Every structure is written in structure tokens, then in C-alpha cells.
Amino acid sequence: MEERSLNFLEEIIENHLAEGKYKNIHTRFPPEPNGYLHIGHAASICLNFGLAIKYKGQCNLRFDDTNPVTEETEYVESIMNDVKWLGFNWDELHYTSDYFEELYGFAVKLIEKGFAYVDDSTAEEMAAQKGDINRTGVNSIYRSRSIDENLQLFAEMREGKYPDGAKVLRAKIDMEHPNLLMRDPIIYRIKHAHHHRTGDKWCVYPMYDFAHGQSDSIENITHSICTLEFIHHRPLYDWFIEKLEIFPSHQYEFARRNLTYTVMSKRKLLQLVNEKHVDGWDDPRMPTISGLRRRGYTPESIRNFADTIGIAKRENITDVGLLEFCVRDHLNKIADRRMAVLDPVKLIITNYPEGQTEDLIAENNPENENGGTRSVPFSREIWIEREDFMEDAPKKFFRLGPGLTVRLKYAYIVTCNDFKKDEHGNITEIYCSYIPESKSGSDTSGLKVKGTIHWVSVPHAKTAEVRLYDRLFKVENPASEEGDFKDYINPDSLTILPKAYIEPALTETNPLDKFQFLRLGYFTTDKNSTSGHLIFNKTVGLKDSWAKEVKKEG
RNA sequence: AGUUCCAUGGUGUAAUGGUAGCACAACAGUUUUUGGUUCUGUUUGUCUAGGUUCGAAUCCUGGUGGAACUACCA
């Protein structure tokens, strides 16, 4: 077992443990239930849960549900499902909404200590008072209200005496602070909205800054890990904890993970879903965890990816090729091999007896000696991949063409003698002769051939719908391009093949089963696949050094 | 412009004052009844200028470049 170096958070934690600052650590994963989790969240989940596991601490799942207008139960369920699927178990399950009464009490305490006031200013007035990066802010005329008056007004806000936007509760900090967040931030606002858990009990809701850190504190979170954009919130985070005199959780920030050829913000992903650019949150082209799952990714491959990219504080955009490497690496070990022909052309073995069939033995996975075998039917007529034949083959083309010889995987060596074309010049039939002594497993022909191709027996072939996916965007970083990110959507990201030929063994499958279609790539059975209408999603192609060769020549 | 953060091959990440390493990608070869897998090798990097030091990717100073912050979102 190789000793891996520590990332900066592990270093901090090990120091804390060594100093005795904490006896054990407690982290949390705090999603807002307003969308589905994506691969960036997966990295955060692996980080928070992984740290708890590594240092024998705890990790909570907490729904940060303080904005009733964007949050829904559907999202809560999908998030719990995704976390579990990734392989993690939370120690405690919480909702910020469970703390609403306590948070309200914290706000009252702040008012009583003279650290908060009710402000009647409009949003526009407050924005104007706030100043900006270059100008300091000015105090609101409501800033000097008495404690009693503030207490009274805040109680009335809770009672529902005022409409949305009429009043807010603000922390009284410093309108000249260089950090805009410290210029008397709003901590409670009025929203007469139905909450997915508390219903209509509340019409005032705490803001993120007055909920997150307090919830961390209530749960005795020792290391509250978030992304870099919250770094400016840390002084506020600390200020509230100090003024409230509650358990001092601390916030640590790391750089969010980005991936090439996709977008990674819930807002943008929601747009793709709402505007039907994709078929829902779990569309296999989406970088969501549910999308990756439907695409055929395994939890192991995602965890390994998270581990490989590591964490740091610098801006980054990871090549999606690394994610693909991780899933190939895992699927190569666990996926059974099957044969499927996606773009078929008929091959007839002229010297093979008509009407004869043979059951050939095929190993399920050469990487797994206990993987077993299956039977594959063979006959005089087979489907092969159109790509595997060239009328004028270049020297290094180790497939079929006039006079060329290949092995049919698990079967015989065949040589092409002739072929037929239609009026458009498309190959319609290929004629070969086979060598009876070359049968796989009992080959006495003594022949060595360079190429081996896959095939499906025509009379035995079953059919399936196969969906091929390409990257969702045409550019590496759509979010950083000029204009609307949706202008960069790849119009060819989905190709549906309604009728591919598959070997009979492939009909015995359930959603999420993983296969390697020999020489083509990894495929998984779609959630909507039935025995009457099989559907396979392409997870990722195999490495294709021939395609690379062709590209170089071209 | 103010504040804060960041800067190591094409990408991601190590080296915590002492040989710049690992993974992906790329390239060459090996093995192979998958042009897959395996295995071997190669190319490519410390933003810049000073300073401290026997010695600096690391510490200090200046510069340059990038990012974040100006929602009754989180």
C-alpha cells in the first residue's frame, strides 16, 4: 500500500488532531434541494465523507433548505439516492428547516445584544446604501431603532403582519467595511411561501449566512468545507458565531471542480432541462450523478476520479478524458463481453454448409478468470460492421477487403473472395470462404492473422435500440465563451440507432447492467429497456488507436 | 479601483529549505483470437525580477497574470 501525500485539508485536520484541538472530526455535505447533484458535488461528497471515514469521524447530510420558492421534495429524494449510490452513509440526516425555531431565537438574541435591526428600506434603497467595491456604504435611517422596537417589529414580521419585501432583519456590523458582505447583511426576509417541509408555518426565512454557520454549530461540525466562492463569507460566518457565543465551527474553502465540454452550475443545468435541450436531469449526456449513472458509470469509477483529481485551491478544469479513463479502467475489469453490430453489412461464408449452425464457446471477460463462458450461435450468414470492410484497403488495414483474411472472434478464419454493391456504390454483401481447421480453441490451421472482427449470426440475431452519446458542448469551457452558453451545445450529442443486431445472450439483461460490446465500447442497459424493446446506452468507447492512425494519415 | 484568494509539463495533482515526482493525454515499442487490456520506454513544467541561504517550487519583497466579491439565492 503506497503512502499518498496529504491534501491541504488533510494536513489541517491532522494538525488539529495532533494538537488535540479536536478529539474527532465532524464534517457535513450541505446541498440545497433545488436541483440534482452533479459530478462536482460528487467530488465534494467524496471529500466530506471520505475525510470522516479516513479520520474515523462523522459526516452529516444536511439539506440547506432556507429558500422555499426553489426547493422541492423531488430534489431531496434524488440527492439522498445519489449519495447512497455513490457508496456513502451519513451519520445524521438534518434539514436546516428543522432549526428554524432555533435560528429565530438566535436572531432575537442578536437583536437583544444590539447586533441586529429591522430595516424598512426597499431593495433598491438598500442596494444604493450599500455602496460598491470602490465606494463605502452609508447607514440606513432605520439603523438606530431601539432594541425594543426591533424586537416588536421582528415578532410582527414572523406573525405575518407585513407583505413580502416590506421589512428585513439586518445584522448591524459596519457599512464601511471593505468586505461588502459585512455591510449590514440581511439575515431574515419575509416570504409568504409554502415550504416543502414546514408548510405554511413560517413567513420569515433566514438567509444563507444566518443559517449555514449556525446549523454547522448546532451539529458541532468541526470542519465546514465549502467552495472558494464562499471565502468572502468567512468573516461573517465567524462574526455570527462569535456574537451568538455558540460552538465555533470553522469554514475551509477549496476550488470547485470543473470538467471540459460541460457546464457545472445547477442554474445552467436546470435551463438545459427546462428548455428540453436534454431529456431530464438524468439524461446520459448530463454531468449529473443520475445522468452518469444512466450513462453506465459506476460509483467506483466516480470515487476513483474524485480521488485522482484531488483537491486544491486553484482554478481548474479537468479533462473529461480522465473521467472516461476512470470508467474504462473499472468497466474493463467487471463488464462482460458481448457482440453487437451497430452498422451491419451481410457476410456470407460460401463454403459453410447451408442450414448448419454451431454453438461456439465465448469467454465472458478475459480480465476475469472466473468470469465464465457463454454460447454464441454461428452460421453461414453473419452481420459484420460496415467499418470492417474496405474495397481499397490501405496496407495497415487489418480487416476485410478483397483478398484479405481475418479471424471471426471465437470462430473461424475467413478470407474475402468477392462482394456486391448496389447502384449507389454501397456494399451490400461480402463473400468469404472459411478454413474449417481454424476453429477457435481447436485451431490446427497454423495460420496467423493480424485482425479479428466481431459479428452476429443473421438467423440468430436479436435487435436492440442503441444510443450513442457525444459531448454535450462543442467547446471546452462553454461557461467562459462569449454569449449564451447554450449557443455551444453540440447538435450531434445524441445518435439513436433504432435497430442494431445483438447476440442472443444480450437479451438477458436488466437496467444498469454493464457490457463491453466487443471492439466498440462499454454499454449499459437503459432504465426504459424492456425484454420486448431493448435499449442500450453507450457509456464510453474503447481506446481506438486505428481511428487515431486514420486521422494522422488524413 | 478596493478587498480576498490563487500561480508547478497540454490537463489534474505532489514535493512542507536538500535529486521537481505521480496520473491522464501524446509519442515509440511489447504482448494479445478485442487496433481493447498488459508491460516497457520517451517528450513536455516551477509566471517574472530581486533578496535571504551552503542550498529556494518552497521563505521575503516588487511586478505580471488569473479568479472571486457589489442577490430580500445558496
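Here is the naming used below: chain letters follow the sequence lines, and residue numbers restart at 1 for every chain. As the structure is a prediction and not an experimental result, all values here were calculated from the model.
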Next item on the list: May I have all residue pairs that pass salt bridge (Lys or Arg N to Asp or Glu O under 4.0 Å) and include part of residues 127-143 of chain A, sequence neighbours excluded?
Entry: A/Asp132-A/Arg135, A/Arg143-A/Asp184
Item checked: A/Asp164 and A/Lys191 ion-paired at < 4.0 Å -> no
Margin query: Against A/Arg197, only a single residue in A/Thr73, A/Asp65, A/Asp98 fulfils side chain to side chain donor-acceptor pair (under 3.5 Å); can you say which?
Written below: A/Asp98
Margin query: For A/Pro31, give me all partners under side-chain contact (heavy atoms from CB on, under 4.5 Å), at least two apart in sequence or on another chain.
Written below: A/Phe29, A/Leu37, A/Leu61, A/Phe63, A/Ile79
Note to self: Show every ring-ring contact (aromatic ring centres under 6.0 Å, His included) that has at least one partner inside residues 169-194 of chain A, sequence neighbours left out.
What the structure shows: A/Phe154-A/Tyr188
Next item on the list: Mind jotting down which residue pairs meet the salt bridge (Lys or Arg N to Asp or Glu O under 4.0 Å) criterion with at least one end in residues 437-450 of chain A? Sequence neighbours excluded, please.
Entry: A/Glu358-A/Lys439, A/Arg407-A/Asp443
Next item on the list: Apply side-chain contact (heavy atoms from CB on, under 4.5 Å) to A/Ser249 and list each qualifying residue two or more places apart in sequence or on a separate chain.
Entry: A/Asp216, A/Ser217, A/Ile221, A/Tyr237, A/Ile241, A/Phe247
Margin query: Can you list everything that forms a side-chain hydrogen bond (donor to acceptor under 3.5 Å, both in side chains) with A/Glu315? Sequence neighbours excluded, please.
Written below: none
Next item on the list: Could you encode protein contacts along nucleotides 67-74 of chain B as a string, one character per nucleotide from 5' to 3', using B for base contact, S for sugar-phosphate-only contact and - for no contact, with a heavy-atom cut-off of under 4.0 Å?
Entry: SBBB-BSB
Next item on the list: Report the residues that fulfil salt bridge (Lys or Arg N to Asp or Glu O under 4.0 Å) with A/Lys167, sequence neighbours left out, ordered by chain and then residue number.
Entry: A/Asp120
Checklist line | Position toward the 5' end of RNA chain B (nearest nucleotide), A/Ile317 or A/Lys548 | finding: A/Ile317
If you restrict it to nitrogen or oxygen atoms, what contacts under 3.5 Å exist between nucleotides 43-47 of chain B and the protein, and what is each distance?
none

Checklist line | For A/Lys266, side-chain hydrogen bond (donor to acceptor under 3.5 Å, both in side chains) partners two or more places apart | finding: A/Asn34
Checklist line | Side-chain N,O (A/Lys313) to OP1/OP2 (B/A7) below 4.0 Å | finding: no
Item checked: Which nucleotides of RNA chain B pair, in dot-bracket form (Watson-Crick or G-U under 3.5 Å, | meaning another strand) -> .((((((..((((....[..)))).((((.........))))....(((((..]....))))))))))).....
Item checked: Short side-chain N/O contact from A/Arg135 to OP1 or OP2 of B/A1, under 4.0 Å -> no
Next item on the list: Between protein and nucleotides 28-38 of chain B, map the contacts as a letter string: B base, S sugar-phosphate only, - none, heavy atoms under 4.0 Å, written 5' to 3'.
Entry: S----BBBBS-
Notebook entry, point to check: Side-chain donor or acceptor of A/Arg314 under 3.5 Å from a matching atom on the base of B/U8?
Noted result: yes
